[in-house]
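Note on naming: letters A, B, ... go to the chains in the order of the sequence lines (proteins, then strands), and numbering restarts at 1 for each one.
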There are 2 protein chains.
Amino acid sequence: MLNSLEMDIYKKIKQAIIQQKLRPNMQLIEKDLAESFGVSRTPVRNVLRRLEYEKLVKIKEHKGTFVSCSTIEEAKEVFEMRRILEGEAVRRACRLHNEEQLKELETLVEEERHIYGSLDFYESLKVSGDFHLKIAEIAGNSYFYQYLEDLISLTYVIIAIYGRGKMETCGSHDHLQIFNAIKQRDGDLAERLSLIHLSEIESNLHFNEELQISSSLSDIFL
Amino acid sequence: MLNSLEMDIYKKIKQAIIQQKLRPNMQLIEKDLAESFGVSRTPVRNVLRRLEYEKLVKIKEHKGTFVSCSTIEEAKEVFEMRRILEGEAVRRACRLHNEEQLKELETLVEEERHIYGSLDFYESLKVSGDFHLKIAEIAGNSYFYQYLEDLISLTYVIIAIYGRGKMETCGSHDHLQIFNAIKQRDGDLAERLSLIHLSEIESNLHFNEELQISSSLSDIFL
DNA sequence: GAATGCATTATTGTATACAATACTGGGTAA
DNA sequence: TTACCCAGTATTGTATACAATAATGCATTC
């Protein structure tokens, strides 16, 4: 995939986007990025193209690279696809999990419960995402993980755009319920809880058109 | 995504892989590709990275890029994920399709029926794939298309590795049945037929270990 | 004769130089 | 004053040059 140099740059840019240090529609100038990482434009460009493939940035030819600002329709597609994939994944996880995996999953729930409120917002987002990804991992088909990793990253950006600060992070309570359903191998229940969980997160977003971050003043005053 | 220069190179390399002009495990040397396309290594490298992301090639650091040669396990994952996604997609297609889309789908079935046997193998593969992709398109969430486009391309390579020449292409009869189910908006039937269809293709493959294309003699004589 | 080490070569990885494109602003003409 | 054109600038796109790495083969030594 990416070599170690690029992987380092990739992780840093990705994290900055997720943490909103780089906000939607902000331009990422290759030269500046290259300088701040102390490398040439070449590896930076490679990373940006990768991020574009994940839809975290948008590259416009001869214009530049911009932190992605998903439309409402795109955001809804992300949640819809997450429900499809995570619903199926959690079913499989119920069937397939072994003791070790269950323990790892439990650890994540515990961790989440522990840092809830205390640590910073983005740390708790990450731990929450890890819970979802662990289920994808247990589901036993690597595409679950591959697809959901990207979709979950995109969810962070969507929350950055359409969220309103407080309750967008997954409640650790929901995760505990899902965990228990998995533990009891109750696929129907686990799927139902997962779908509700995702829909709740989505419904806490503010999909009012006016709230979209505009890329230009002409968008606003048109 | 890719600009027009790279898109051109991308399509040609991808097609060559699908058509087995570039066989699994064959090395793709950047310099040679660049020369044969009359460009520098830069755009070629970009394309190769993209193809790697789609799992059509594998890049080994400081060694080179090789046409991917999926293992049996990877191949099974591809079919499994196709069943998950296409099963869901065809259900949605049943609900969502409009007249125009239905007509386009019918055209593809007709076309397939028409060229069956007559045209070359790879052309018929392509038309067959288009049928599957059209359903993904009708399903109304762009991720269906995005994911399945890659999975279907990978299927071609898998068939190249594990197929045995004759009946691996989708029978147009299966597609006609699926089409009729969609037309009648019978989601249950359409899904069932699709899953059977995919499993049939898979079961026609020869997943005997000995048949794997070895990348090195040491693999054979170990 | 076999094995090891070194030099050579081939290939990829990174940096830099150059080309193309699109934006910006000022000047000029109507 | 306003609209348009043109030059200059900023940024990306492509090519090339250079560095790093890994494979190869030959020579040397035991």
Over how many whole Å does the gap from [X] atom [atom1] to [N] atom [atom2] extend?
X       : N      : atom1 : atom2 : answer
A:Ile59 : D:dT11 : CD1   : C1'   : 13 Å
A:Asn46 : C:dA15 : CG    : P     : 11 Å
B:Leu48 : C:dT11 : CG    : C1'   : 13 Å
A:Glu35 : D:dT11 : CD    : C1'   : 13 Å
A:Leu28 : D:dA10 : CG    : P     : 19 Å
B:Leu2  : D:dT14 : CG    : P     : 10 Å
A:Glu6  : C:dT12 : CD    : P     : 15 Å
A:Glu61 : D:dG13 : CD    : P     : 6 Å

Of all the nucleotides listed ([options]), which has the minimum atom distance to the side chain of [X]?
X       : options                : answer
A:Ser40 : C:dA22, D:dT14, C:dT14 : C:dT14
A:Val39 : C:dT11, C:dA15, D:dA22 : C:dA15
B:His62 : C:dT14, D:dT14, D:dA22 : D:dA22
A:Arg45 : D:dG13, C:dT11, D:dT21 : D:dG13

Taking the six-membered ring of B:Phe144, is the NZ or CZ of B:Arg92 close enough (under 6.0 Å from the centre) and on axis enough (within 45°)?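 The answer is no, since B:Arg92 fails at least one limit relative to B:Phe144.
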For [N], does either OP1 or OP2 sit under 4.0 Å from a side-chain N or O belonging to [X]?
X       : N      : result
A:Lys63 : C:dC23 : yes
B:Thr42 : D:dT14 : no
B:Asn3  : D:dT14 : yes
B:Arg41 : D:dA15 : no

Could you please spell out the steps behind the salt bridge (charged side-chain N to carboxylate O under 4.0 Å, His left out) verdict for A:Glu88 and A:Arg91? CA-CA 5 Å; A:Glu88 186 64 34; A:Arg91 275 192 172 280; 5.4 Å; no
Tell me whether the count of non-hydrogen atoms from other residues, nucleotides or ligands lying under 6.0 Å of NZ in A:Lys58 goes above 12.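 Result for NZ/A:Lys58: open.
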Taking for each residue the nucleotide of DNA chain C bearing the nearest heavy atom, is the 5' side occupied by B:Asp32 or by A:Pro43?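 Whichever sits nearer the 5' end wins; that is B:Asp32.
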Note: A:Glu137-A:Lys134 ion pair, threshold 4.0 Å (strictly below):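 Looking at A:Glu137 and A:Lys134, the cut-off is met.
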Salt bridge (charged side-chain N to carboxylate O under 4.0 Å, His left out), that's the test. Do A:Lys103 and A:Glu99 meet it? Break it down for me. CA-CA 6 Å; A:Lys103 201 148 202 69; A:Glu99 275 191 42; over 6 Å; no
